There are 2 protein chains.
Amino acid sequence: MDGNAQKVIGKETGSARPPAHELIYRKLREQILFGEIAPGQPVTIQGLTERLEAGMTPVREAIRRLIAEGALDFQGNRRVIVPLLTAENIAEIIYARQWLESDLGARATQRATPADLADLTRLDAALDQAISRGDLQAYLEYNYRFHARIYQMADAPILASMAEGLWLRFGPSLRVVCGRLGTQNLPDLHKDLLAAMRAGDAEAAARACQQDMLQGMEQVRGVLTPNAVSD
Amino acid sequence: MDGNAQKVIGKETGSARPPAHELIYRKLREQILFGEIAPGQPVTIQGLTERLEAGMTPVREAIRRLIAEGALDFQGNRRVIVPLLTAENIAEIIYARQWLESDLGARATQRATPADLADLTRLDAALDQAISRGDLQAYLEYNYRFHARIYQMADAPILASMAEGLWLRFGPSLRVVCGRLGTQNLPDLHKDLLAAMRAGDAEAAARACQQDMLQGMEQVRGVLTPNAVSD
DNA sequence: CAGTCGCAAATTTGATCATATTCTAGGGTC
DNA sequence: GACCCTAGAATATGATCAAATTTGCGACTG
């Protein structure tokens with residue numbers, strides 16, 4: 001297991017070659033996560049093969065994987081769409097994220113290295129810039145990467161995968177919400193969170209994570225809840 | 001666009017024939033869940049194609065799906081195994097199941113119909129019989145089906161999928177633990193849970209779910225934790 | 001006479017298989 | 001002990017089959 005003193009590399013064409021289905025998965029995942037594919041929109045295999053210029057098998061595997069993660073929904077007879085969130089779904093996600101985010105935030109704080117904090121600070125600065133220039137796409141991306149970095153720091157693979165799975169579920173709707181509300185009144189409790197992390201206060205970090213999550217999810221709930229549906 | 005009011009089904013010959021990859025998935029999932037495939041054991045595609053007498057593509061899709069759910073582990077270089085739980089993994093699962101099981105148990109209690117309670121009572125009786133006759137395989141199966149039925153009653157698809165995903169992670173190890181400890185001193189708090197459900201006491205049901213889960217997971221932790229490792 | 005409903009053909013899409021290619025691993029040789 | 005060679009397994013492609021949705025045509029009804 002540890003005998004990687006020297007690895008024989010005959011050809012240095014590229015020592016790290018991710019498989020095709022992995023690349024397709026990542027690309028499709030990002031397109032779902034950042035709202036390039038809208039909720040309710042059907043996802044077809046043959047459409048993806050032409051769109052991503054890939055073979056059929058890797059596309060199938062990527063779709064199957066995303067269905068298992070909840071990012072796509074298998075509509076009974078062979079039809080696959082990006083799921084639409086109901087009010088009940090949102091309540092479930094909020095409940096789950098309350099526990100997940102607070103624990104992951106606390107664990108990340110306890111394990112944070114200076115390099116971790118520097119990364120988070122950099123991501124948060126990029127996020128602020130995206131907000132100030134009204135770049136929705138960049139905002140969504142940096143916001144996700146900020147939180148994903150925290151999950152990575154927490155060193156809890158199972159909890160992290162659960163949290164990332166939830167992101168895949170509400171990501172598309174988040175795009176819809178932000179597209180409707182604009183980027184002006186986006187809550188940014190990341191400053192509090194970063195301060196708590198720098199101070200090593202795990203409890204305060206957990207509270208900040210929870211509050212940040214709650215504010216975001218309440219906005220989603222407000223827009224998607226059928227109180228005043230127009231179309 | 002929205003004219004899908006009723007769906008005309010001409011023939012009910014097979015009502016709904018599940019695709020092959022779905023069948024393979026279910027079969028492989030059960031084999032993992034009930035410990036027919038031990039943790040650490042490699043899972044090969046070609047081995048599955050012969051073992052389950054299926055094509056290569058459906059097997060690939062089923063494996064990919066189970067990897068996404070955490071039931072299988074992709075070992076970097078094309079190797080797939082049933083994952084071994086570490087002590088940290090177990091701690092994460094316990095934390096997640098504490099709030100998942102209690103909430104699902106409470107929701108199930110609030111929504112329980114007489115038919116639901118009859119099903120649970122029947123499953124619990126079958127479970128008792130399996131214990132008394134020392135049938136490990138049947139115990140694992142009925143225990144899972146008992147809890148899965150509760151998840152179904154809770155009417156919370158996202159939380160339920162998270163809970164089922166955790167079952168896939170500790171299922172194989174549960175088999176190992178029970179195989180080593182026997183079925184004598186298995187905790188059975190299902191009676192308390194059923195009583196609380198019949199009384200409509202959601203809070204008591206939540207506590208019972210949590211306690212039942214904790215006792216089971218502590219046994220897993222006790223056996224798998226490397227305090228006194230023999231082999 | 002026009003509009004609508006229903007049946008059926010056609011197209012689109014998903015599922016499966018056989019096969020070629022590539023990469024990893026293990027054993028043999030220098 | 002290190003390097004190469006072979007074998008086996010996984011990855012990826014394209015073709016083919018089956019199913020479902022859509023659409024177009026015709027008949028019936030108001």
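Note that the coordinates shown come from a computational prediction; the quantities given were computed from them, not determined experimentally.
A donor and an acceptor atom sit less than 3.5 Å apart, one in the side chain of A:Gln46 and one in the base of C:dG14.
Look at CD on A:Gln75: it is 15 Å from C1' on C:dG14, rounded to the nearest Å. Distance B:Ile67 CD1 to D:dA10 P: 11 Å, rounded to the nearest Å. If you measure from atom CE of A:Met56 to atom P of D:dT11, you get 18 Å, rounded to the nearest angstrom. Separating the OH atom of A:Tyr25 from the C1' atom of D:dT11 is a distance of 19 Å, rounded to the nearest angstrom. For the pair A:Glu53 CD and D:dA12 P, the computed distance is 16 Å after rounding to whole Å. With rounding to whole Å, B:Glu50 atom CD is found 11 Å from D:dA10 atom P.
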Next item on the list: Could you walk me through whether A:Thr121 and A:Asp124 pass side chain to side chain donor-acceptor pair (under 3.5 Å), step by step?
Entry: CA-CA 5 Å; A:Thr121 306; A:Asp124 188 51; over 6 Å; no
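Comparing D:dA10, C:dT13, C:dA15 by their closest approach to the side chain of A:Phe74 singles out C:dA15. In this structure, of D:dG14, D:dT21, C:dA15, it is C:dA15 that holds the atom nearest to the side chain of A:Ile45. Distances from the side chain of B:Arg64 to the nucleotides D:dT13, C:dA15, D:dT11 place D:dT11 closest. In this structure, of C:dG14, D:dT13, D:dA10, it is D:dT13 that holds the atom nearest to the side chain of A:Thr57.
When each of A:Gly55 and B:Gly47 is assigned the nucleotide of DNA chain D bearing its nearest heavy atom, the one mapping closer to the 5' terminus is B:Gly47.
Taking SG of A:Cys178 as the reference point, atom CD1 of A:Ile131 lies at 9.0 Å (rounded to 0.5 Å). Atom CG of A:Leu48 sits about 12.0 Å away from atom CZ of A:Arg60, to the nearest 0.5 Å. The structure places CD of A:Glu69 at 9.5 Å from CZ of A:Arg169, a figure rounded to the nearest 0.5 Å.
Taking side-chain N and O atoms only, A:Arg79 has no distance below 4.0 Å to OP1 or OP2 of C:dG14.
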